[in-house]
Protein chains: 2
Amino acid sequence: MGRRSDHTPQQLRDLLIDHGHKLMAEVGYARFSGREVAKRAGYSVGTIYNVFGSLDGLLSAINTRTFGLWAQHLQGALATAGHDRIASLVRGYFSFALENPNVWSAIYDHRLPDGQSLSPADLEGRALLTSIVEQEVRKALPDTVDLDLARYSRSLIASVHGHCSYVVSGSFALLDETDPVGSALDRVRESLSVHQNAQ
Amino acid sequence: MGRRSDHTPQQLRDLLIDHGHKLMAEVGYARFSGREVAKRAGYSVGTIYNVFGSLDGLLSAINTRTFGLWAQHLQGALATAGHDRIASLVRGYFSFALENPNVWSAIYDHRLPDGQSLSPADLEGRALLTSIVEQEVRKALPDTVDLDLARYSRSLIASVHGHCSYVVSGSFALLDETDPVGSALDRVRESLSVHQNAQ
DNA sequence: CCTAAAAATGAACACTGTTCAATATAAAAA
DNA sequence: TTTTTATATTGAACAGTGTTCATTTTTAGG
């Protein structure tokens, strides 16, 4: 076959990402299969390579979609937040991961081969999440604070991420950790308080 | 063949873990192969299943060995530490990961199938690391501090872990993060300072 | 209607994890 | 010493994987 008229190139791209994302949510990174994605989309294996160049390309696109959903989730949490927006942010970070463990984990499970890096489109699709956090961190600190806010925000994200990844991977379950979200939030608050009170 | 006399059961176990750990260091989790481990050890595929029950069993054992080496690395760092033992600990955490990225990442890449959990032997082999940190955190705080030190130590580990995993996975490289170890240490110090000064 | 360009295919290849009947070996019994 | 028994080891078989690419099908333009 060739040049079927049932999908434009863009539609085909989206279709494969749709089915890929669903499959990832169902079975997780370890059981993910490119062949299965093609089958579900009604195309054959080779099409993935025509459209994305490689399986890594599809996986990157799937994960970029997850970043988008995650950013939406955070914006939803902030929209209904009270005065403590930082708490809403941290809770939103965790709740997305816990509600979507397979696609969330896939973000960190997938690593590009040495030398390769994400496409500009993928990078752009993932930047929103960081910028949301940075905006809230800025609001939480006095204008006079002497900090590289981009760097500092990424560091806070890293702290929360560490807690979250222990929860999702199950390392914390074993240790009877009852409130990992609370611990993460405590660490963030401690750091913010240091910089709020600095002169 | 059967009952070869060139290795005792324990020696065979260790031999497979040796070669498995080396292969993991060379190629990383994604390219790891049980067949290849067996071949290098001079045995056939089935032997892995005889000895470890499953490939997950071998992978768990390999990762437990990594935990052991990591704990040794931290003890080495503490042995030559000056007055700032917390800094040595955080730097040791990072330097092990950066010097052994493949085996370090494999700890988090490998996840047991749903319902399965680590053997008691594996759990015990991994506990040392946490206990080393807990001991140092205890030393860094006044005896009067009102904290669950086990929980609190795990939370600090999670914070450092988050920074470290961003470095090893390359997420931070992209963002021109020049000093992730410094950021991690800053967050730890901020938290400790809050509890050192509390009354 | 014909042709040229492009999209879609799927067989082929080299790998993977896992199982398990068959086999080779060592230790125990005769 | 020979025979038997128990068990450690094997590797073919199976069902899957990612990746390539010559072949085929379809569409669009002349």
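Chain letters run A, B, ... following the sequence lines, proteins first, then strands; residues in each count from 1. Atoms considered below: every heavy atom in the structure, side chains included; atoms not considered: hydrogens, waters and symmetry mates.
- A:Y108 pairs by the ring pair (Phe, Tyr, Trp, His ring centres under 6.0 Å) definition with A:W104, A:H161, not counting sequence neighbours.
- Protein atom CD1 of B:I48 is 11 Å distant from nucleotide atom P of D:dT10, rounded to whole Å.
- Screening B:T130, B:L129, B:L128 for a side-chain contact (heavy atoms from CB on, under 4.5 Å) with B:I132, the sole residue that qualifies is B:L128.
- Map B:H7 and A:G53 each onto its nearest nucleotide of DNA chain D; the residue landing nearer the 5' end is B:H7.
- Scored by the salt bridge (Lys or Arg N to Asp or Glu O under 4.0 Å) test, A:K39 finds A:E36 as partners (sequence neighbours excluded).
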With B for base contact, S for sugar-phosphate-only contact and - for none (protein heavy atoms under 4.0 Å), nucleotides 11-17 of chain D reads B-B---B

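- Residue B:L58 contributes atom CG, which lies 11 Å from atom P of C:dT18 at whole-angstrom precision.
- Under the 3.5 Å distance criterion, the side-chain polar atoms of B:S95 are matched with a main-chain donor or acceptor of B:G92.
- D:dT19 atom C1' lies 12 Å from atom CG of A:N50, rounded to whole Å.
- As a whole-Å value, the separation of A:D56 CG from D:dT19 P is 6 Å.
- For DNA chain C, the residues of residues 12-19 of chain A within the heavy-atom distance limit of 4.0 Å (strictly under) are A:L12, sorted by number.
- Protein atom CZ of B:F52 is 16 Å distant from nucleotide atom P of C:dT19, rounded to whole Å.
- Rounded to whole angstrom, the span from the OH atom of A:Y43 across to the P atom of D:dT24 amounts to 21 Å.
- Qualifying salt bridge (Lys or Arg N to Asp or Glu O under 4.0 Å) partners for A:D56, counting only residues two or more places apart in sequence or in other chains: none.
- The CD atom of A:Q10 sits 14 Å away from the P atom of C:dA7 (whole-angstrom rounding).
- Taken to the nearest 0.5 Å, the CG atom of B:D109 stands 12.0 Å off from the NE2 atom of A:H110.
- Between the CG atom of B:D6 and the P atom of D:dA8 there is a distance of 14 Å, given to the nearest Å.
- In this structure, the ring of A:H163 has its center no less than 6.0 angstrom from the ring center of A:F94.
- Taking the side chain as every heavy atom from C-beta outward, B:R126 and B:N63 approach each other to under 4.5 Å.
- For A:N100, the side chain to side chain contact (heavy atoms under 4.5 Å, CB included) partners at least two apart in sequence or on another chain are A:F96, A:V103.
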